[in-house]
Amino acid sequence: MSADLNPADERLAARLPAGVLREPSPAYTEEPRGRFHGQAGLVAAPRDAEECAAIIRACAAARVPVVPRGGGTGLVGGQVMPDGPAPLILSLERMAAIRATHPDEGVMIAEAGVTLQAARDAAAAVGRQFPLSLASQGSARIGGVLSTNAGGVNVLRYGNARALCLGVEAVLPSGQVMRDLKRLRKDNTGYDLRDLLIGAEGTLGIITAAALVLAPIPAETGVALMVVDSPEAALSLLAQAQARLAGGVTAFELISGQGLHFLAEAFPQMRQPFAPIPDWMALIEVGLPAGLSSARALEGLFDAGLAAGLVHDGTIAQSGRQAADLWALREHIPLANRHVGAIASHDISLPLSEIAAFLRDAGAMIAAEGDMRINCFGHLGDGNLHYNLFPAKGRKREEYDGQRRALSHSIHQMVVERGGSFSAEHGVGRLKTTELAAWADPARLAAMRAIKQALDPAGIMNPGAVLI
(Lines give C-alpha, C1' and ligand atoms only; values in the text may rest on other atoms or scores of the structure.)
Protein backbone atom coordinates (compact mmCIF):
# COMPACT_ATOMS: atom_id res chain seq x y z
CA MET A 1 0.00 0.00 0.00
CA SER A 2 1.35 3.41 -0.93
CA ALA A 3 2.45 5.42 2.11
CA ASP A 4 1.41 8.80 0.69
CA LEU A 5 -2.29 8.26 0.14
CA ASN A 6 -4.77 10.70 1.66
CA PRO A 7 -8.14 10.15 3.34
CA ALA A 8 -11.42 10.80 1.58
CA ASP A 9 -12.67 13.97 3.25
CA GLU A 10 -14.66 17.13 2.64
CA ARG A 11 -12.00 18.49 0.27
CA LEU A 12 -12.49 15.50 -2.00
CA ALA A 13 -16.27 15.70 -1.59
CA ALA A 14 -16.22 19.19 -3.07
CA ARG A 15 -14.60 17.83 -6.25
CA LEU A 16 -17.13 15.05 -6.87
CA PRO A 17 -20.14 15.20 -9.21
CA ALA A 18 -23.31 16.50 -7.62
CA GLY A 19 -25.62 13.95 -6.06
CA VAL A 20 -23.25 10.97 -5.91
CA LEU A 21 -22.50 10.93 -2.18
CA ARG A 22 -24.23 8.48 0.14
CA GLU A 23 -24.37 8.22 3.91
CA PRO A 24 -21.41 6.02 4.98
CA SER A 25 -23.55 3.51 6.88
CA PRO A 26 -22.04 0.35 8.44
CA ALA A 27 -23.42 -1.71 5.54
CA TYR A 28 -20.64 -0.30 3.34
CA THR A 29 -17.84 -1.40 5.66
CA GLU A 30 -18.91 -4.93 6.55
CA GLU A 31 -18.09 -8.32 5.04
CA PRO A 32 -19.99 -11.58 5.64
CA ARG A 33 -17.45 -13.44 7.74
CA GLY A 34 -16.61 -10.58 10.08
CA ARG A 35 -12.86 -11.12 9.69
CA PHE A 36 -12.26 -7.53 8.59
CA HIS A 37 -13.75 -4.27 9.83
CA GLY A 38 -13.60 -1.62 7.13
CA GLN A 39 -13.68 2.16 7.16
CA ALA A 40 -15.09 4.80 4.86
CA GLY A 41 -14.26 8.47 4.55
CA LEU A 42 -16.88 8.93 1.84
CA VAL A 43 -19.32 6.71 -0.05
CA ALA A 44 -20.06 7.58 -3.66
CA ALA A 45 -22.63 5.91 -5.91
CA PRO A 46 -22.33 7.04 -9.54
CA ARG A 47 -25.25 6.85 -11.93
CA ASP A 48 -23.23 6.11 -15.06
CA ALA A 49 -19.73 5.47 -16.35
CA GLU A 50 -19.00 9.18 -16.82
CA GLU A 51 -19.78 9.95 -13.20
CA CYS A 52 -17.68 6.96 -12.16
CA ALA A 53 -14.81 8.30 -14.27
CA ALA A 54 -15.13 11.77 -12.72
CA ILE A 55 -14.94 10.22 -9.25
CA ILE A 56 -11.84 8.24 -10.14
CA ARG A 57 -10.17 11.29 -11.68
CA ALA A 58 -10.83 13.28 -8.52
CA CYS A 59 -9.44 10.49 -6.34
CA ALA A 60 -6.36 10.14 -8.56
CA ALA A 61 -5.66 13.87 -8.37
CA ALA A 62 -6.08 13.86 -4.58
CA ARG A 63 -4.29 10.49 -4.12
CA VAL A 64 -7.28 9.04 -2.27
CA PRO A 65 -7.75 5.25 -2.13
CA VAL A 66 -10.83 3.79 -3.81
CA VAL A 67 -12.51 0.58 -2.67
CA PRO A 68 -15.09 -0.71 -5.19
CA ARG A 69 -18.19 -2.34 -3.75
CA GLY A 70 -20.80 -4.47 -5.42
CA GLY A 71 -23.15 -6.55 -3.29
CA GLY A 72 -20.61 -6.96 -0.48
CA THR A 73 -20.90 -10.76 -0.57
CA GLY A 74 -17.20 -11.50 -1.13
CA LEU A 75 -15.60 -13.85 1.38
CA VAL A 76 -11.95 -12.72 1.31
CA GLY A 77 -12.19 -9.11 2.47
CA GLY A 78 -11.70 -7.49 -0.93
CA GLN A 79 -14.64 -5.11 -0.40
CA VAL A 80 -13.38 -3.50 2.83
CA MET A 81 -10.21 -1.58 3.75
CA PRO A 82 -9.40 -1.87 7.45
CA ASP A 83 -6.07 -0.04 7.48
CA GLY A 84 -4.57 3.15 6.09
CA PRO A 85 -6.30 6.44 5.23
CA ALA A 86 -10.09 6.21 5.14
CA PRO A 87 -10.98 5.42 1.51
CA LEU A 88 -13.75 6.44 -0.80
CA ILE A 89 -16.13 3.50 -1.12
CA LEU A 90 -17.36 3.39 -4.70
CA SER A 91 -20.69 1.59 -4.80
CA LEU A 92 -22.15 0.45 -8.13
CA GLU A 93 -25.64 0.05 -6.65
CA ARG A 94 -27.20 2.78 -8.83
CA MET A 95 -25.82 1.40 -12.10
CA ALA A 96 -28.38 -1.39 -12.27
CA ALA A 97 -29.79 -1.29 -15.81
CA ILE A 98 -30.07 -4.09 -18.34
CA ARG A 99 -29.04 -2.01 -21.34
CA ALA A 100 -29.89 -4.55 -24.03
CA THR A 101 -30.67 -8.19 -24.67
CA HIS A 102 -29.86 -10.03 -27.89
CA PRO A 103 -31.37 -13.49 -27.41
CA ASP A 104 -30.63 -14.68 -30.93
CA GLU A 105 -26.97 -13.77 -30.43
CA GLY A 106 -26.93 -15.14 -26.89
CA VAL A 107 -25.77 -11.82 -25.41
CA MET A 108 -26.99 -9.40 -22.74
CA ILE A 109 -25.51 -6.00 -21.84
CA ALA A 110 -25.81 -5.45 -18.08
CA GLU A 111 -24.47 -2.71 -15.85
CA ALA A 112 -22.22 -3.59 -12.95
CA GLY A 113 -24.84 -2.94 -10.28
CA VAL A 114 -27.31 -5.48 -11.66
CA THR A 115 -27.69 -8.34 -9.21
CA LEU A 116 -26.90 -11.79 -10.47
CA GLN A 117 -30.51 -12.82 -9.83
CA ALA A 118 -31.80 -9.85 -11.86
CA ALA A 119 -29.48 -10.83 -14.72
CA ARG A 120 -30.76 -14.40 -14.59
CA ASP A 121 -34.37 -13.15 -14.54
CA ALA A 122 -33.74 -10.84 -17.52
CA ALA A 123 -32.27 -13.73 -19.48
CA ALA A 124 -35.23 -15.97 -18.64
CA ALA A 125 -37.61 -13.24 -19.83
CA VAL A 126 -36.22 -13.60 -23.36
CA GLY A 127 -36.12 -17.40 -23.32
CA ARG A 128 -32.43 -17.78 -22.44
CA GLN A 129 -30.39 -18.37 -19.30
CA PHE A 130 -27.41 -16.64 -17.75
CA PRO A 131 -26.01 -19.83 -16.24
CA LEU A 132 -23.77 -18.45 -13.49
CA SER A 133 -25.40 -19.52 -10.22
CA LEU A 134 -24.30 -18.70 -6.66
CA ALA A 135 -25.95 -19.02 -3.27
CA SER A 136 -25.60 -15.22 -2.89
CA GLN A 137 -27.10 -14.38 -6.30
CA GLY A 138 -29.86 -12.26 -4.78
CA SER A 139 -27.25 -9.81 -3.47
CA ALA A 140 -24.09 -10.34 -5.53
CA ARG A 141 -23.74 -7.83 -8.37
CA ILE A 142 -22.36 -8.35 -11.86
CA GLY A 143 -19.38 -6.03 -11.28
CA GLY A 144 -18.28 -7.95 -8.21
CA VAL A 145 -18.98 -11.32 -9.81
CA LEU A 146 -16.67 -10.42 -12.71
CA SER A 147 -14.07 -8.69 -10.56
CA THR A 148 -13.67 -11.88 -8.51
CA ASN A 149 -14.15 -14.23 -11.48
CA ALA A 150 -16.84 -16.01 -9.49
CA GLY A 151 -17.58 -19.67 -10.11
CA GLY A 152 -20.59 -21.39 -8.58
CA VAL A 153 -22.32 -24.66 -9.24
CA ASN A 154 -22.47 -24.67 -13.06
CA VAL A 155 -18.79 -24.16 -13.92
CA LEU A 156 -18.54 -27.80 -15.01
CA ARG A 157 -20.75 -27.09 -18.02
CA TYR A 158 -20.69 -23.35 -18.62
CA GLY A 159 -17.43 -22.10 -17.13
CA ASN A 160 -16.85 -19.39 -14.55
CA ALA A 161 -17.54 -15.65 -14.87
CA ARG A 162 -14.60 -15.12 -17.23
CA ALA A 163 -16.01 -17.65 -19.68
CA LEU A 164 -19.40 -15.91 -19.61
CA CYS A 165 -18.20 -12.40 -20.48
CA LEU A 166 -17.49 -11.18 -24.01
CA GLY A 167 -16.60 -7.56 -23.31
CA VAL A 168 -16.55 -4.87 -20.62
CA GLU A 169 -16.95 -1.17 -20.12
CA ALA A 170 -14.57 -0.05 -17.39
CA VAL A 171 -13.05 3.02 -15.78
CA LEU A 172 -9.27 2.78 -15.57
CA PRO A 173 -7.22 4.25 -12.69
CA SER A 174 -6.47 7.30 -14.85
CA GLY A 175 -10.18 8.09 -15.06
CA GLN A 176 -10.44 7.08 -18.71
CA VAL A 177 -13.47 5.05 -19.76
CA MET A 178 -12.57 1.93 -21.72
CA ARG A 179 -15.54 1.09 -23.94
CA ASP A 180 -15.08 -2.50 -25.02
CA LEU A 181 -18.61 -3.91 -24.82
CA LYS A 182 -18.13 -6.11 -27.86
CA ARG A 183 -20.57 -8.92 -28.54
CA LEU A 184 -17.98 -11.01 -30.36
CA ARG A 185 -16.82 -14.57 -29.71
CA LYS A 186 -13.70 -13.97 -31.80
CA ASP A 187 -11.65 -10.79 -31.50
CA ASN A 188 -7.88 -11.17 -31.66
CA THR A 189 -6.97 -7.48 -31.74
CA GLY A 190 -4.13 -7.32 -29.25
CA TYR A 191 -4.02 -7.72 -25.50
CA ASP A 192 -7.24 -8.93 -23.89
CA LEU A 193 -7.85 -6.18 -21.35
CA ARG A 194 -11.25 -7.68 -20.55
CA ASP A 195 -9.56 -10.75 -19.11
CA LEU A 196 -7.08 -8.55 -17.28
CA LEU A 197 -9.85 -6.72 -15.42
CA ILE A 198 -11.87 -9.87 -14.73
CA GLY A 199 -10.48 -11.39 -11.53
CA ALA A 200 -8.43 -8.29 -10.65
CA GLU A 201 -10.74 -7.50 -7.69
CA GLY A 202 -10.90 -3.80 -8.48
CA THR A 203 -7.13 -3.28 -8.28
CA LEU A 204 -6.78 -2.35 -11.97
CA GLY A 205 -10.02 -0.47 -12.62
CA ILE A 206 -13.78 -0.44 -12.15
CA ILE A 207 -15.98 -2.62 -14.37
CA THR A 208 -19.13 -0.58 -15.05
CA ALA A 209 -20.92 -2.83 -17.56
CA ALA A 210 -20.43 -6.14 -19.32
CA ALA A 211 -21.54 -8.10 -22.37
CA LEU A 212 -22.65 -11.40 -20.89
CA VAL A 213 -23.10 -14.76 -22.58
CA LEU A 214 -26.61 -16.20 -22.61
CA ALA A 215 -27.15 -19.93 -23.13
CA PRO A 216 -30.14 -21.95 -24.35
CA ILE A 217 -32.36 -23.39 -21.64
CA PRO A 218 -32.21 -27.21 -21.72
CA ALA A 219 -35.52 -28.77 -22.67
CA GLU A 220 -35.13 -31.49 -20.03
CA THR A 221 -33.62 -30.93 -16.58
CA GLY A 222 -33.18 -33.55 -13.89
CA VAL A 223 -31.69 -33.62 -10.41
CA ALA A 224 -30.63 -36.57 -8.27
CA LEU A 225 -28.89 -37.08 -4.94
CA MET A 226 -26.91 -40.33 -4.83
CA VAL A 227 -25.21 -41.92 -1.84
CA VAL A 228 -21.61 -42.89 -2.50
CA ASP A 229 -19.15 -44.77 -0.30
CA SER A 230 -16.27 -42.32 -0.64
CA PRO A 231 -14.90 -39.36 -2.59
CA GLU A 232 -13.15 -41.91 -4.84
CA ALA A 233 -16.53 -43.42 -5.67
CA ALA A 234 -17.95 -39.96 -6.36
CA LEU A 235 -15.11 -39.24 -8.79
CA SER A 236 -15.72 -42.54 -10.58
CA LEU A 237 -19.43 -41.73 -10.76
CA LEU A 238 -18.57 -38.32 -12.23
CA ALA A 239 -16.50 -40.02 -14.93
CA GLN A 240 -19.41 -42.35 -15.72
CA ALA A 241 -21.83 -39.41 -15.86
CA GLN A 242 -19.60 -37.51 -18.26
CA ALA A 243 -19.15 -40.54 -20.48
CA ARG A 244 -22.86 -41.45 -20.57
CA LEU A 245 -24.19 -37.88 -20.92
CA ALA A 246 -21.40 -36.15 -22.83
CA GLY A 247 -21.92 -32.41 -22.35
CA GLY A 248 -25.19 -32.93 -20.48
CA VAL A 249 -23.95 -32.77 -16.88
CA THR A 250 -24.66 -29.28 -15.57
CA ALA A 251 -23.50 -29.71 -11.97
CA PHE A 252 -21.86 -32.40 -9.87
CA GLU A 253 -21.59 -31.50 -6.18
CA LEU A 254 -19.91 -33.45 -3.39
CA ILE A 255 -21.71 -33.29 -0.04
CA SER A 256 -20.40 -34.76 3.19
CA GLY A 257 -22.58 -36.21 5.91
CA GLN A 258 -21.19 -33.60 8.30
CA GLY A 259 -22.88 -30.95 6.19
CA LEU A 260 -26.28 -32.61 6.61
CA HIS A 261 -25.68 -32.98 10.34
CA PHE A 262 -25.06 -29.23 10.50
CA LEU A 263 -28.26 -28.68 8.50
CA ALA A 264 -30.19 -30.78 11.00
CA GLU A 265 -28.83 -28.59 13.78
CA ALA A 266 -29.37 -25.21 12.10
CA PHE A 267 -32.51 -25.95 10.05
CA PRO A 268 -34.38 -28.79 11.77
CA GLN A 269 -37.46 -28.03 9.66
CA MET A 270 -35.68 -29.15 6.46
CA ARG A 271 -36.55 -32.68 5.44
CA GLN A 272 -33.52 -34.96 5.28
CA PRO A 273 -33.55 -37.38 2.33
CA PHE A 274 -31.72 -40.26 4.06
CA ALA A 275 -31.78 -41.84 7.50
CA PRO A 276 -29.29 -42.38 8.87
CA ILE A 277 -27.29 -39.58 7.25
CA PRO A 278 -24.64 -41.15 4.97
CA ASP A 279 -20.99 -40.09 4.99
CA TRP A 280 -20.86 -38.93 1.34
CA MET A 281 -23.33 -37.96 -1.37
CA ALA A 282 -23.24 -36.57 -4.91
CA LEU A 283 -25.81 -34.04 -6.07
CA ILE A 284 -26.13 -34.24 -9.85
CA GLU A 285 -28.01 -32.04 -12.29
CA VAL A 286 -28.35 -32.79 -15.99
CA GLY A 287 -29.76 -30.69 -18.80
CA LEU A 288 -30.71 -32.46 -22.03
CA PRO A 289 -32.18 -31.60 -25.44
CA ALA A 290 -35.78 -32.24 -26.40
CA GLY A 291 -36.55 -35.89 -26.97
CA LEU A 292 -34.29 -37.16 -24.20
CA SER A 293 -35.59 -38.00 -20.74
CA SER A 294 -33.55 -36.62 -17.86
CA ALA A 295 -35.27 -39.04 -15.46
CA ARG A 296 -34.28 -42.05 -17.57
CA ALA A 297 -30.76 -40.69 -17.93
CA LEU A 298 -30.36 -40.37 -14.16
CA GLU A 299 -31.95 -43.78 -13.58
CA GLY A 300 -29.46 -45.28 -16.02
CA LEU A 301 -26.58 -43.54 -14.24
CA PHE A 302 -27.81 -44.83 -10.89
CA ASP A 303 -28.11 -48.39 -12.19
CA ALA A 304 -24.62 -48.24 -13.71
CA GLY A 305 -23.22 -46.82 -10.48
CA LEU A 306 -24.99 -49.50 -8.45
CA ALA A 307 -23.61 -52.25 -10.66
CA ALA A 308 -20.10 -50.83 -10.33
CA GLY A 309 -20.38 -50.59 -6.54
CA LEU A 310 -20.16 -46.80 -6.59
CA VAL A 311 -23.64 -45.95 -5.26
CA HIS A 312 -25.96 -47.80 -2.89
CA ASP A 313 -28.89 -45.43 -2.41
CA GLY A 314 -30.33 -42.35 -3.99
CA THR A 315 -33.31 -40.21 -4.85
CA ILE A 316 -34.28 -38.74 -8.22
CA ALA A 317 -36.46 -35.64 -8.21
CA GLN A 318 -39.87 -36.30 -9.74
CA SER A 319 -40.89 -32.65 -9.97
CA GLY A 320 -39.47 -29.16 -10.04
CA ARG A 321 -40.38 -28.78 -6.37
CA GLN A 322 -38.43 -31.90 -5.42
CA ALA A 323 -35.46 -30.73 -7.49
CA ALA A 324 -35.54 -27.37 -5.70
CA ASP A 325 -35.68 -29.15 -2.33
CA LEU A 326 -32.56 -31.17 -3.16
CA TRP A 327 -30.71 -28.03 -4.23
CA ALA A 328 -31.91 -26.26 -1.08
CA LEU A 329 -29.98 -28.81 0.98
CA ARG A 330 -26.79 -27.92 -0.86
CA GLU A 331 -27.37 -24.16 -0.83
CA HIS A 332 -28.16 -24.08 2.89
CA ILE A 333 -24.90 -25.75 3.90
CA PRO A 334 -22.96 -22.42 3.99
CA LEU A 335 -25.72 -20.96 6.17
CA ALA A 336 -25.53 -23.95 8.49
CA ASN A 337 -21.76 -23.56 8.61
CA ARG A 338 -22.20 -19.96 9.71
CA HIS A 339 -24.62 -21.10 12.41
CA VAL A 340 -22.05 -23.52 13.80
CA GLY A 341 -19.10 -21.13 13.39
CA ALA A 342 -16.02 -22.22 11.47
CA ILE A 343 -12.50 -22.27 12.86
CA ALA A 344 -11.15 -21.83 9.33
CA SER A 345 -12.62 -22.02 5.83
CA HIS A 346 -10.73 -22.99 2.69
CA ASP A 347 -11.74 -22.42 -0.93
CA ILE A 348 -9.42 -24.83 -2.73
CA SER A 349 -9.15 -26.56 -6.07
CA LEU A 350 -7.20 -29.64 -7.04
CA PRO A 351 -6.64 -31.79 -10.11
CA LEU A 352 -9.39 -34.40 -9.92
CA SER A 353 -6.88 -37.24 -9.58
CA GLU A 354 -5.41 -35.60 -6.45
CA ILE A 355 -8.64 -35.02 -4.54
CA ALA A 356 -9.07 -38.38 -2.80
CA ALA A 357 -5.47 -38.52 -1.56
CA PHE A 358 -5.66 -34.93 -0.35
CA LEU A 359 -8.82 -35.62 1.64
CA ARG A 360 -7.21 -38.64 3.31
CA ASP A 361 -3.96 -36.84 4.14
CA ALA A 362 -5.61 -33.61 5.26
CA GLY A 363 -8.05 -35.53 7.44
CA ALA A 364 -5.18 -37.35 9.13
CA MET A 365 -3.33 -34.08 9.68
CA ILE A 366 -6.38 -32.41 11.24
CA ALA A 367 -7.01 -35.42 13.51
CA ALA A 368 -3.42 -35.20 14.76
CA GLU A 369 -3.81 -31.47 15.53
CA GLY A 370 -6.85 -31.72 17.76
CA ASP A 371 -10.53 -32.47 18.16
CA MET A 372 -12.28 -30.85 15.18
CA ARG A 373 -15.06 -31.54 12.73
CA ILE A 374 -14.53 -31.28 8.96
CA ASN A 375 -17.26 -30.26 6.56
CA CYS A 376 -16.02 -30.82 3.02
CA PHE A 377 -18.42 -29.99 0.19
CA GLY A 378 -18.39 -28.27 -3.15
CA HIS A 379 -18.07 -28.41 -6.89
CA LEU A 380 -16.43 -31.79 -7.44
CA GLY A 381 -17.03 -31.59 -11.18
CA ASP A 382 -14.47 -28.79 -11.56
CA GLY A 383 -12.22 -29.79 -8.65
CA ASN A 384 -13.30 -26.94 -6.33
CA LEU A 385 -13.95 -27.93 -2.72
CA HIS A 386 -14.81 -25.94 0.38
CA TYR A 387 -12.78 -27.60 3.10
CA ASN A 388 -13.93 -26.11 6.38
CA LEU A 389 -12.91 -26.84 9.97
CA PHE A 390 -15.27 -26.59 12.93
CA PRO A 391 -15.00 -26.99 16.70
CA ALA A 392 -15.74 -30.31 18.29
CA LYS A 393 -19.28 -30.53 19.60
CA GLY A 394 -19.53 -28.60 22.85
CA ARG A 395 -16.54 -26.37 22.10
CA LYS A 396 -16.35 -22.85 20.61
CA ARG A 397 -14.27 -21.71 17.67
CA GLU A 398 -12.48 -19.12 19.80
CA GLU A 399 -10.77 -21.98 21.62
CA TYR A 400 -8.88 -22.74 18.40
CA ASP A 401 -7.70 -19.19 17.61
CA GLY A 402 -4.12 -20.11 18.38
CA GLN A 403 -4.20 -22.90 15.79
CA ARG A 404 -6.22 -21.31 13.00
CA ARG A 405 -3.41 -19.76 10.94
CA ALA A 406 -1.16 -22.79 11.18
CA LEU A 407 -3.98 -25.13 10.19
CA SER A 408 -4.85 -23.04 7.13
CA HIS A 409 -1.19 -22.80 6.13
CA SER A 410 -0.81 -26.58 6.33
CA ILE A 411 -3.94 -27.20 4.28
CA HIS A 412 -2.95 -24.67 1.63
CA GLN A 413 0.57 -26.08 1.44
CA MET A 414 -0.81 -29.57 0.90
CA VAL A 415 -3.00 -28.20 -1.90
CA VAL A 416 -0.21 -26.27 -3.61
CA GLU A 417 2.14 -29.27 -3.44
CA ARG A 418 -0.48 -31.28 -5.36
CA GLY A 419 -0.73 -28.71 -8.13
CA GLY A 420 -3.84 -27.07 -6.71
CA SER A 421 -4.95 -23.55 -5.79
CA PHE A 422 -5.56 -22.02 -2.36
CA SER A 423 -8.12 -19.67 -3.94
CA ALA A 424 -10.41 -21.48 -6.35
CA GLU A 425 -13.35 -19.11 -6.77
CA HIS A 426 -13.46 -16.55 -3.94
CA GLY A 427 -10.42 -14.53 -4.99
CA VAL A 428 -7.42 -13.32 -2.99
CA GLY A 429 -8.81 -10.13 -1.45
CA ARG A 430 -7.02 -9.17 1.73
CA LEU A 431 -7.33 -12.59 3.31
CA LYS A 432 -4.89 -14.46 1.09
CA THR A 433 -2.28 -11.87 0.07
CA THR A 434 0.42 -13.57 2.14
CA GLU A 435 -0.28 -16.92 0.49
CA LEU A 436 -0.12 -15.37 -2.98
CA ALA A 437 3.21 -13.72 -2.19
CA ALA A 438 4.60 -16.99 -0.83
CA TRP A 439 3.36 -19.50 -3.39
CA ALA A 440 2.77 -17.71 -6.69
CA ASP A 441 5.26 -18.39 -9.46
CA PRO A 442 7.90 -15.61 -9.11
CA ALA A 443 7.76 -14.60 -12.77
CA ARG A 444 3.95 -14.45 -12.68
CA LEU A 445 4.01 -12.38 -9.49
CA ALA A 446 6.55 -9.98 -10.99
CA ALA A 447 4.36 -9.55 -14.07
CA MET A 448 1.31 -8.85 -11.90
CA ARG A 449 3.20 -6.17 -9.98
CA ALA A 450 4.44 -4.62 -13.21
CA ILE A 451 0.90 -4.45 -14.59
CA LYS A 452 -0.35 -2.89 -11.35
CA GLN A 453 2.40 -0.28 -11.45
CA ALA A 454 1.76 0.52 -15.11
CA LEU A 455 -2.00 0.97 -14.79
CA ASP A 456 -2.22 2.33 -11.25
CA PRO A 457 1.09 4.06 -10.46
CA ALA A 458 -0.41 6.01 -7.56
CA GLY A 459 -1.74 2.79 -6.00
CA ILE A 460 -5.24 4.17 -5.37
CA MET A 461 -7.25 1.19 -6.63
CA ASN A 462 -8.26 -1.10 -3.77
CA PRO A 463 -4.90 -0.85 -2.00
CA GLY A 464 -4.01 -3.86 0.14
CA ALA A 465 -6.06 -6.27 -1.96
CA VAL A 466 -4.44 -9.08 -4.00
CA LEU A 467 -0.86 -7.70 -3.95
CA ILE A 468 1.25 -6.72 -0.97
Side-chain angles (χ1 to χ4, degrees), residues 153-157 222-246 248-264 270-286 294-318 322-323 325-334 336-337 348-364 366 373-388 418 420 424:
V153 298
N154 294 337
V155 170
L156 174 63
R157 182 165 185 171
V223 177
L225 184 64
M226 300 187 189
V227 176
V228 294
D229 288 326
S230 64
E232 292 95 330
L235 286 162
S236 295
L237 185 64
L238 169 63
Q240 283 215 10
Q242 293 284 60
R244 294 175 65 91
L245 303 167
V249 183
T250 301
F252 197 103
E253 299 285 299
L254 183 69
I255 298 175
S256 73
Q258 186 64 73
L260 295 195
H261 283 295
F262 285 171
L263 281 177
M270 293 188 75
R271 190 178 68 83
Q272 294 276 356
F274 306 112
I277 292 174
D279 289 337
W280 295 101
M281 291 146 282
L283 179 65
I284 307 161
E285 179 171 309
V286 299
S294 59
R296 282 199 294 272
L298 287 169
E299 288 166 4
L301 177 63
F302 178 84
D303 290 342
L306 190 66
L310 303 176
V311 302
H312 55 82
D313 199 358
T315 179
I316 297 173
Q318 301 300 309
Q322 289 181 9
D325 287 345
L326 290 179
W327 269 112
L329 291 171
R330 164 62 181 86
E331 298 295 3
H332 277 73
I333 289 175
N337 285 350
I348 60 174
S349 63
L350 289 146
L352 295 186
S353 61
E354 297 285 345
I355 287 176
F358 164 79
L359 291 177
R360 283 196 303 271
D361 294 348
I366 296 301
R373 291 176 288 178
I374 300 169
N375 185 13
C376 176
F377 66 103
H379 321 305
L380 187 67
D382 57 55
N384 175 200
L385 299 176
H386 303 299
Y387 192 83
N388 301 339
R418 287 168 167 80

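Starting from 1, each residue takes its place in the sequence as its number.
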Interatomic distance, L380 atom CG to E253 atom CD [nearest 0.5 angstrom]: 8.5 Å
Check: F377 ring centroid to Y387 ring centroid under 6.0 Å: no
Presence of salt bridge, E232 and R360, under 4.0 angstrom: yes
Residue pair L298 / G222: nearest heavy atoms and the distance that separates them: CD1-C, 3.5 Å
Minimal non-hydrogen separation, I348 against L350, with atom names: CD1-CD1, 4.3 Å
Between CG on residue L156 and CG on residue L238, distance to nearest 0.5 Å: 6.5 Å
Side chains of S256 and N375, donor plus acceptor under 3.5 Å: yes
Reported CD1-to-CG distance for the pair I284 and L225, which is rounded to 0.5 angstrom: 8.5 Å
Spacing of CZ belonging to R157 relative to CD belonging to Q242, to within rounding of 0.5 Å: 10.0 Å
Lys/Arg-Asp/Glu bridge criterion (N-O < 4.0 Å) met for R418, D361: yes
Taking every non-hydrogen atom, the tightest pair across G259 and I333: O-CG1, 4.4 Å
Closest contact, heavy atoms only, I355 versus L385: CG2-CD1, 3.9 Å
Side chain proximity check, N337 to F262, heavy atoms < 4.5 angstrom: yes
Full working for side-chain contact (heavy atoms from CB on, under 4.5 Å) between W327 and V153: CA-CA 10 Å; W327 269 112; V153 298; 3.9 Å; yes
Gap between atom CG of N388 and atom CD of Q258 - 0.5 Å precision: 11.0 Å
Non-hydrogen atoms of L237 and A282 that approach each other most closely: CD2-CB, 4.4 Å
4.5 Å side-chain heavy-atom contact, Q272 and L263: yes
Candidate pair L326 and T315, rule side-chain contact (heavy atoms from CB on, under 4.5 Å), full reasoning: CA-CA 9 Å; L326 290 179; T315 179; 4.0 Å; yes
Beyond-backbone contact of M226 with L301, side-chain heavy atoms, under 4.5 angstrom: yes
Worked verdict on H261 versus I277 for side-chain contact (heavy atoms from CB on, under 4.5 Å): CA-CA 7 Å; H261 283 295; I277 292 174; 3.7 Å; yes
Pairwise distance CG(D279) to CG(L260) - rounded to 0.5 angstrom: 10.5 Å
Parallel, tilted or perpendicular: rings of H379 and H386 (30°, 60°): perpendicular
Residue pair E285 / V223: nearest heavy atoms and the distance that separates them: OE1-CG2, 3.7 Å
Intermediate values then yes/no, side-chain contact (heavy atoms from CB on, under 4.5 Å), D229 and H312: CA-CA 8 Å; D229 288 326; H312 55 82; 2.9 Å; yes
4.5 Å side-chain heavy-atom contact, I255 and L329: no
